[in-house]
Visitor: 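This is the structure I want to talk about, given as structure tokens.
Protein chains get the first letters and strands the later ones, always in sequence-line order, with residue 1 at the start of each.
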Amino acid sequence: MDTLNAGSVSAMLPSAFPIVDKDWELADTYTLHFATDGAFDFDPGQMVMISQPGVGEVPISISSNPDVHDRMSLTIRGSGSVTRALGRLDYGDVVGIRGPYGTPWPLDTAIDQDLMIIAGGIGLAPLRSLIYRALARRSDFRNLTLLYGSRDPQSLLFERELHEWRGRFDMEVEITVDRSSPEWMGEVGLVTSLVDRARFSEADAVAMVCGPEIMMHFVGIALTDKGMHPDNIFFSMERNMKCGIGLCGHCQLGAEFLCKDGPVFSLSRIEPLMKVEEL
Amino acid sequence: MAHIIDIDGLDGLIASLKAEFDVIGPIVRDGLIRYGPIGSVADLPRGWTDVQEGGSYRLEPGNTEALFGFVLGPDSGKTNLFPPRAPMWTYREGSFSATPDSTRPMAIIGLRACDLAAIAIQDEVLLNGPYVDSHYAARRSQLFIVAVNCTTFATNCFCTSMNTGPRLESGFDLGLTEVLDDHHFVVHVGSEAGASFLAGLDQRQATSDELAEADQLIDITANSITKRLDTTDIAQFLADNLESPRWSAIAERCLACTNCTAACPTCFCTSPVDTTDFDGSAARERVWDSCFSLDYSYMGGDPVRSSGSSRYRQWMTHKLGTWIEQFGTSGCVGCGRCITWCPVGIDITEEMAAMRAEVLAKEAR
Ligand SMILES: Cc1cc2nc3c(=O)[nH]c(=O)nc-3n(C[C@H](O)[C@H](O)[C@H](O)COP(=O)(O)OP(=O)(O)OC[C@H]3O[C@@H](n4cnc5c(N)ncnc54)[C@H](O)[C@@H]3O)c2cc1C
Ligand code: SF4
Ligand code: SF4
Ligand code: FES
């Protein structure tokens, strides 16, 4: 008479990853780097579930270059119990990671189109890996534009990369802050004002947007007002996620499981659901 | 083809199942029918019957010797196949390992047609997606089911509207119909494993009269069930009425106690719970969660569904509507547990009917 003796819930079993490097990006935001031995393939827009044993597990998008195969990085804002606890870890500490999960940014839809990448706050993290990939495939697209809105100049993420991208001739970078400071020489205002002013060919453009839901909502309006079709606008959606793989139920929005059907959705598919309060 | 066993035959079946399985069946505990370990026919709730209303459940001594003269309690297949707590993994000295399930293979006796339909629905969610719940998969794949046709019903049953009962169709190893005249069971075989267990028992072939008699008992049950749920275009109807004022009206009564999701045989929502030990090790379990709890939708400082009406709407639109789009069937099997176990007696069929009536009235205006 045997017991069942099965590995329990093994799709939920993380692998141990030691932290090989850690950068503080901002006062509350850090990037953890992991060595992956080339065994971890992902596409931009996908996420992992990262665990600190004994504390909990949260979904985090992958922010590193998908074409660098020996490293994987997560950029995390410390906002609650798990993300703050992870922020106290350092070189050599072990975390649990499983994934990658979820739908990637549909980059192929942008072939021969203008590619608009629009970020709000920490939303630049999952878009950074997309920008790396888009630059690697630069000739596939026409104009490549990054519009980035941040709360204030002190909260600008990835300044080194922003500087580098700005220096390129094949990429347009526009940055705005909600609240200025004395030394800020750039734009002030919401990211939607950058959308209003941006030059792109509405009928032949694809937009990929990540940021707070309210920001994405208004960016969607600004883009469609300019004549873009909602089929060509993509959002990365966020909800409470406890499993990332369609088993725990938490991430439902209408009939969509944001973890397995998303997190990336076209505006045409997700807009009717975003409109209903508290859905 | 069907067979006949008597009560001793059933006892023999339980005895032979015990050699290979933990045998689980209906028992009387705390004044309720629960599912727990049984050793013989003597453990079954002989003579008990259940009286269910919105918000109430009462066991009463029936006036028969029936072993299955009740309908159902709060437990279902889910109680044992997808238990309230399940271990996931342990972490020790830098590595994670899956926590083994210490349970033996199970044989469950007494499940009804709606319970089998609910298991099929949980199979779809937990086994047929891109990822499998391996804890459930292990328990499920080694499960032996002795199901029972309903020869009695409760006022909250509406399986006939959901096409899930009361007659057993599939999903069992052996299917019993209890016949009280000359107390015996008509046995239908649903699998090879079922056939081989039956072959080892003292049994004989059923006559066509015996079959017809058993069948008629089920027909009478089916015809006696009066509670209805109109499922016409139900997913679209609910999607069109997400902002109905009805949701707030229900929320005024709903206590968000989560009884309905716990008793519902198809609800599958869980959350992980971590624990730590003094030696630096840690463990994770998954526990049942509910879309009625505030934490369930917590995100970035606030729950997405803070109002009671939005949480009731999530429950009802998921059970009856979006589930169809997600998994191809309704998430409701019409067992009535959520009605019986709701402390204030909210009735999903009445709420659905009221919402349809309101829309009809509005259209008529
Ligand atoms: C697909 C996806 C990708 C994400 N990518 C990133 C990223 O790249 N970088 C980053 O900093 N953050 C990202 N987030 C948000 C991140 O998951 C939350 O900040 C984190 O869950 C907060 O957990 P906590 O325990 O620290 O916070 P607490 O406030 O203590 O939260 C308790 C629980 O609520 C849930 N929760 C709270 N806030 C959120 C939230 N904003 N989103 C989802 N669940 C939440 C979690 O289950 C969390 O464990 C992402 C979220 C999703 C859904
Ligand atoms: S919703 Fe209610 S009636 Fe339907 S299966 Fe769940 S508990 Fe039973
Ligand atoms: S009704 Fe609620 S608890 Fe039940 S499966 Fe749906 S979301 Fe989960
Ligand atoms: S996060 Fe668990 S189902 Fe989507």
Side-chain angles (χ1 to χ4, degrees), chain A residues 1-18 49 51-57 77 79-80 82 92-98 101 212-213 238-257 259-261 272-273 275-279, chain B residues 19-20 86-89 91 94-105 125-126 129-135 137-139 142 239 242-243 267-272 274-276 281-282 284 286 289 291 296-301 304-307 309-310 313-314 317-318 321-322 325-326:
Chain A
M1 277 186 291
D2 290 331
T3 61
L4 290 174
N5 200 28
S8 302
V9 202
S10 62
M12 304 272 205
L13 183 68
S15 304
F17 276 86
M49 296 297 294
S51 284
Q52 180 165 352
V55 183
E57 184 176 50
R77 194 164 74 85
S79 63
V82 178
D93 287 332
V94 170
V95 300
I97 290 181
R98 54 193 182 86
Y101 301 128
E213 194 160 321
E238 199 173 291
R239 280 293 179 276
N240 188 308
M241 291 186 184
K242 293 297 187 194
C243 74
I245 54 178
L247 296 175
C248 78
H250 286 257
C251 67
Q252 290 175 84
L253 177 61
E256 311 284 4
F257 284 90
C259 67
K260 65 169 177 173
D261 303 325
L273 301 174
K275 275 204 212 137
V276 183
E277 257 182 70
E278 294 192 75
L279 191 64
Chain B
E20 282 180 46
M88 294 167 84
W89 48 254
Y91 171 83
S95 74
F96 295 85
S97 52
T99 314
D101 185 350
S102 56
T103 308
R104 291 172 53 204
V125 177
L126 300 169
Y131 293 89
V132 166
D133 183 311
S134 53
H135 188 274
R139 290 188 173 207
Q142 299 176 69
L242 292 174
E243 322 229 45
C267 273
F268 59 86
C269 286
T270 59
S271 279
D274 282 26
T275 49
T276 50
S281 67
R284 182 167 297 165
R286 67 149 154 68
D289 202 345
C291 57
Y296 179 90
S297 67
Y298 183 82
M299 189 178 86
V304 171
R305 297 187 199 103
S306 54
S307 69
S309 60
S310 69
R313 178 179 66 189
Q314 169 58 26
T317 55
H318 190 214
T322 52
E325 196 178 319
Q326 292 169 340

Visitor: State, yes or no, whether a side-chain contact exists between B:Pro272 and A:Met12 at a heavy-atom distance under 4.5 Å.
Guide: no
Visitor: Who wins among B:Val304, B:Thr276, B:Thr317 for the most heavy-atom pairs under 4.5 Å with chain A?
Guide: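 So the answer, after comparing B:Val304, B:Thr276, B:Thr317, is B:Val304.
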Visitor: Need one label for B:Ser307: side chain, backbone, both or neither, based on atoms under 4.5 Å from any heavy atom in chain A.
Guide: both
Visitor: From A:Leu253 CG over to B:Ser297 OG, what is the distance, rounded to the nearest 0.5 angstrom?
Guide: 11.5 Å
Visitor: With only heavy atoms counted, which part of B:Ser97 is less than 4.5 Å from chain A, the side chain, the backbone, both or neither?
Guide: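 Contact with chain A: backbone only.
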Visitor: Taking C-beta and beyond as the side chain, do A:Cys259 and B:Tyr131 meet within less than 4.5 Å on heavy atoms?
Guide: no
Visitor: Is the backbone of A:Val276 close enough, under 3.5 Å, to the side chain of B:Glu243 for a donor and an acceptor to pair up by distance?
Guide: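 Not at all, since once roles are kept as given, no pair shorter than 3.5 Å links the two residues.
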Visitor: Evaluate the criterion salt bridge (Lys or Arg N to Asp or Glu O under 4.0 Å) for residue pair B:Arg313 and A:Glu278; output intermediate values, then yes/no.
Guide: CA-CA 10 Å; B:Arg313 178 179 66 189; A:Glu278 294 192 75; over 6 Å; no
Visitor: Could you report the tightest heavy-atom contact between A:Val94 and B:Gly94, atom names first, then the distance?
Guide: CG1-O, 4.0 Å
Visitor: With a 4.5 angstrom heavy-atom cut-off, could you sort out which part of A:Glu277 is near chain B: side chain, backbone, both or neither?
Guide: backbone
Visitor: If I measure from the heavy atoms of chain A, does B:Arg305 come under 4.5 Å with its side chain, its backbone, both, or neither?
Guide: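 Interface part for B:Arg305: both.
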Visitor: Restricting to non-hydrogen atoms, name the atom on A:Ser51 and the atom on B:Arg284 that form the minimum distance, rounded to 0.1 Å.
Guide: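 Result for this residue pair: OG-NH1, 3.0 Å.
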Visitor: Which residues satisfy the salt bridge (Lys or Arg N to Asp or Glu O under 4.0 Å) test with A:Glu256, sequence neighbours excluded?
Guide: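 If we apply the salt bridge (Lys or Arg N to Asp or Glu O under 4.0 Å) test to A:Glu256, skipping adjacent residues, the hits are A:Arg269.
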Visitor: Just by modelled atom types, is the B:Tyr298 backbone N or O under 3.5 Å from a matching donor or acceptor in the A:Asn240 side chain?
Guide: yes
Visitor: Under 4.5 Å heavy-atom distance to chain A, tell me which part of B:Phe96 shows up: side chain, backbone, both or neither.
Guide: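 Both parts, backbone and side chain.
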Visitor: Which atoms of B:Ser271 are under 4.5 Å from chain A, going by heavy atoms: the side chain, the backbone, both sets, or neither?
Guide: both
Visitor: Looking at B:Gln326 and A:Gly254, what are the two nearest heavy atoms and their distance?
Guide: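 B:Gln326 and A:Gly254 have their closest heavy atoms at NE2-O, 3.9 Å.
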Visitor: Rounded to the nearest 0.5 Å, what's the gap from NE2 on A:His250 to CG on B:Asp289? Could you check?
Guide: 4.0 Å
Visitor: Enter the distance from A:Leu247:CG to B:His135:NE2 here, rounded to the nearest 0.5 Å.
Guide: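 Going from CG on A:Leu247 over to NE2 on B:His135, the span is 13.5 Å.
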Visitor: Quick check on the interface: out of A:Pro212, A:Gly80, A:Gly246, A:Ala16, who has the most heavy-atom pairs with chain B under 4.5 Å?
Guide: A:Ala16
Visitor: Identify the two heavy atoms, one from B:His318 and one from A:Gln252, that lie closest to each other, and give their separation to 0.1 Å.
Guide: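 Shortest heavy-atom contact: NE2-OE1, 2.9 Å.
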Visitor: Please check: side-chain N/O of B:Tyr296 versus main-chain N/O of A:Gly249, any donor-acceptor pairing under 3.5 Å?
Guide: yes
Visitor: Chain B: which of A:Ser15, A:Pro53, A:Cys251 shares the most heavy-atom pairs with it under 4.5 Å?
Guide: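 Ranked by contacts with chain B, first place is A:Pro53.
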Visitor: Just give me the residue among B:Leu242, B:Thr275, B:Val125 that pairs up with chain A most often, heavy atom to heavy atom, under 4.5 Å.
Guide: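 Of B:Leu242, B:Thr275, B:Val125, B:Leu242 has the most heavy-atom pairs under 4.5 Å with chain A.
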Visitor: What class does the angle between the rings of A:Phe257 and B:Phe268 fall in, given that below 30° is parallel, 30 to 60° is tilted and above 60° is perpendicular?
Guide: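 Judged by the thresholds at 30° and 60°, the geometry between A:Phe257 and B:Phe268 is tilted.
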